[in-house]
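A short write-up of the structure that comes next.
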Amino acid sequence: MPSGWEDTYGFGNTNNTEISDGKATEWSPSGGGFGCNDSGSNGCKPRQRTEWICTLSDCGTRNFGHRTECFKCSEPKGDAVDVASEFTGGSRTRANDWICTNSSCSGRNFGNRSECFKCHEPKGDAEDAPADLNDGPKPRQRTQWTCTSSSCSAKNFGNRTECFKCSEPKGDAVDVPSDSAGASRTRANDWICTNSSCSVKNFGSRTECFKCQEPKGDAEDAPEESDGPKPRQRTEWICLSSNCGANNFGNRTACFKCSEPKGDAVDVPHVSVGGIRPNDWICTHSGCSARNYGSRTECFRCEQPRGDAKDELGAHVPEDKPKESYIPPEADEDEIFTMHIAAGVNFCKLNEIPVTVIGDNIPQPIKSFADAGIQQFVLDNIGRSGYEVPTSIQKNAIPIVSAGRDLMACAQTGSGKTAAFLIPIINALLSDEQELSVGRPHVLIISPTRELVTQIYYEAKKFAAGSYLKCCQIYGGTVSSHQSANLGRGCHILVATPGRLLDFVDRSYIDFRGIRFAVLDEADRMLDMGFQESVEKIMNHPTMVPTGTRQTLMFSATFAEDVKTLAAKYLHEYLFLTIGVVGGACQDVEQIIYEVPKFEKRDKLNEILNAEDPSGTIIFVATKRTADFLATLLSESSHPTTSIHGDRLQSQREQSLRDFKSRKMKILIATSVAARGLDIPNVNHVINYDLPKEIDDYVHRIGRTGRVGNKGKATSFYEPEQDSQIAGDLIKILQGAGQTVPDFLTHSGATSQDFGGNDGVEELW
Ligand SMILES: Nc1ncnc2c1ncn2[C@@H]1O[C@H](COP(=O)(O)OP(=O)(O)OP(=O)(O)O)[C@@H](O)[C@H]1O
């Protein structure tokens, strides 16, 4: 027998089944036993028990008098009044009921509850509901305050110190009588977060935004009684590009969105939400691009260091920009042997390209690596690298270098020039062991970019693997003490960028007394403006072994005539080796040129990227700013994109290359810093969003695809106003590689006779 039931008559009742609705048959002490609630002809007695009505307005269920809580909704009986069982019911209010003051709840609660049974809002100062109130929430008779966070605005009890919903402190939000409709209110010192993607209202005492953690900075107070952020009292101008029309901050000189110059756009006073503070900077970490307040040293969102991110308004970061202490990770030996591009279908065709060698006593080319008198374990390393037969440049350059000759060599991009000088050098060092003194490398290889230094360094380690030869790399953007410590452990082969190298020479960490081989990779670039002075200093350094005693080797895919003349002074009785045409583009690269006006480039790019899987696409642009802009834009679309340019931290540059190589990022946006030498597998497509100014740059850029016999594709946007000076050279390059010359180029007024960027090509074609 259930508890609460009494078997007065000793029937041992088992039929007094659960009363599901408070009306079923039950035992009645006064009614003389069990009965039913049918008072009709069958003789059942009317209900004579006490009962109470659940006072929860949504429930109202009738309960036995002895129940302490409602059998249906579990609301405590509280002081619901017992009534005779013939009471026909009706919703009743208990004397101490209170109505939840959370306006989106308003549940009726029993008086002894301290928080709402429904939404857990504290009772606070909710007043008792009137005893005769049946349904509906009791009018609020308390004080309350409205959360001043504009994205919240919840009503709060007067005694709360912070918003029950968003935890924003009450601050000086004003208590108002509870019958207020509760509009959003502004506290006297509220400020609006100036991060334009946030813009929430913050209490005046906060030093950073409660929502996005952006520092208050110089955010202004929000106007009182205003719901939204304070109107901006700045001037601004509208981008005149019809495709854009973005609002720009008054002191911008170019549109933040499409880079269109401000031109004669007129400054107008403007009221808008959000906005750009004068010292804001945009995070350059790919995939983030959050706007940050100027005083931050790292991005509030992704926590990447600010690095050398420029001020959003175009002002440059002061000179004391943060530097990073970056030590590049070192790849292990197994990994090094995976770092190459597998030969493609047209590999054999590379051998059909005509070879020219100018000079005296030309050594015979080799037919195979085994022909070259190379030591077995170097041969093993060559095999382990996946090389079966030498490429044309290797067939010709290896015997020249092995014969002790100086060499200027020109062969198309991706034809294996690196191995063409490294293999004979390593073989020579191993064949004629000389004592190694610390800080006196035997081989110096200089290259224009940091990433290329690393690439050559690993190639050298690869062919020297298993030998006693030590390879080192030094380049900027990294911790120099780490590099000098490596040098201190001995160095046969040193690969370096000129700047860091000279720094080490100045500090007497290095001298050139031991140099047997000096190599300029991308030699025409090294002898061009920017590097020329440094190369001069290195080659003419008092400790440098003189021309004729050392061996000097220069390699590139392009050699302008004036560079050839300049180079000659560092060479001794050299041979000039050419595979194919000096400065010619790789024939395995399909070249497509579209005429695209400046403001249609973005649409054209989207069209191309959406037409097929863009995995393995490098997009070259003219400026670092465009690189950041495009990387941000594409990252926001469905294409994971990263970028590499000179304003990024070295760690970021290398990470972006790793991400691109591993396919974590499908697209790499790059300035010309990545135009030369980089050997990245599976680059399917190179897009020149902006054409370079020099045709040689074009040749190197498109040479990132279609390497070592693989097919590649290069698409370029030709912008008539900008690119007319390259048109003639472009026609020549297209013709030389058997590509279609588009009509607009032919009609641009340029002819292949205008080919001015590379006299050497003119001469040999
Ligand atoms: N004999 C060979 N057989 C197969 N693959 C080779 C051979 N020689 C070089 N390679 C591979 O070809 C790719 C291109 O070589 P490398 O980077 O030396 O070209 P490059 O001529 O220096 O190009 P760039 O002008 O762009 O600097 C590399 O992945 C390299 O490992």
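As the structure lists them, so they are numbered: ligands from 1, and atoms in each ligand from 1. For reference, positions follow the sequence shown, starting with 1.
Residue Val389 approaches ligand 1 through these ligand atoms, each under 4.0 Å from one of its heavy atoms: 1 (N), 2 (C), 3 (N). Distances below 4.0 Å separate heavy atoms of Gln412 from the following atoms of ligand 1: 21 (O). Those atoms of ligand 1 with a heavy atom of Thr418 less than 4.0 angstrom away are 16 (P), 17 (O), 18 (O), 22 (O). Counting atoms of ligand 1 from 1 in the listed order, those under 4.0 Å from a heavy atom of Ser415 are 19 (O), 20 (P), 21 (O).
Around atom 25 (O) of ligand 1, the closest heavy atom drawn from Glu459, Glu522, Lys417, Arg704 belongs to Lys417. Comparing Tyr387, Phe421, Phe369 against atom 5 (N) of ligand 1, the shortest heavy-atom distance belongs to Tyr387.
Among protein heavy atoms, atom 8 (N) of ligand 1 sits closest to Gln394 NE2, 2.8 Å. At the top of the distance list for atom 28 (C) of ligand 1, counting protein heavy atoms only, stands Asp679 OD2, 2.9 Å. In this structure, the protein non-hydrogen atom closest to atom 26 (O) of ligand 1 is Arg707 NH1, 2.7 Å.
For the pair His700 and ligand 1, the shortest N or O to N or O distance does not fall below 3.5 Å. For a threshold of 3.5 Å applied to N or O pairs, the pair formed by Ala343 and ligand 1 contains no separation below that value.
Under the side chain to side chain donor-acceptor pair (under 3.5 Å) criterion, the residue pairs touching residues 442-452 are Arg450-Gln650, Glu451-Gln650, Glu451-Arg653, with sequence neighbours excluded.
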Under 3.5 Å donor-acceptor pairs involving side-chain atoms of residues 680-688, not counting sequence neighbours:
unit_1 : atom_1 : unit_2 : atom_2 : d
Asn684 : ND2    : Ser615 : O      : 2.8
His685 : NE2    : Thr715 : OG1    : 2.6
Asn688 : OD1    : Arg701 : NH1    : 2.8
Asn688 : ND2    : Ser716 : OG     : 3.1

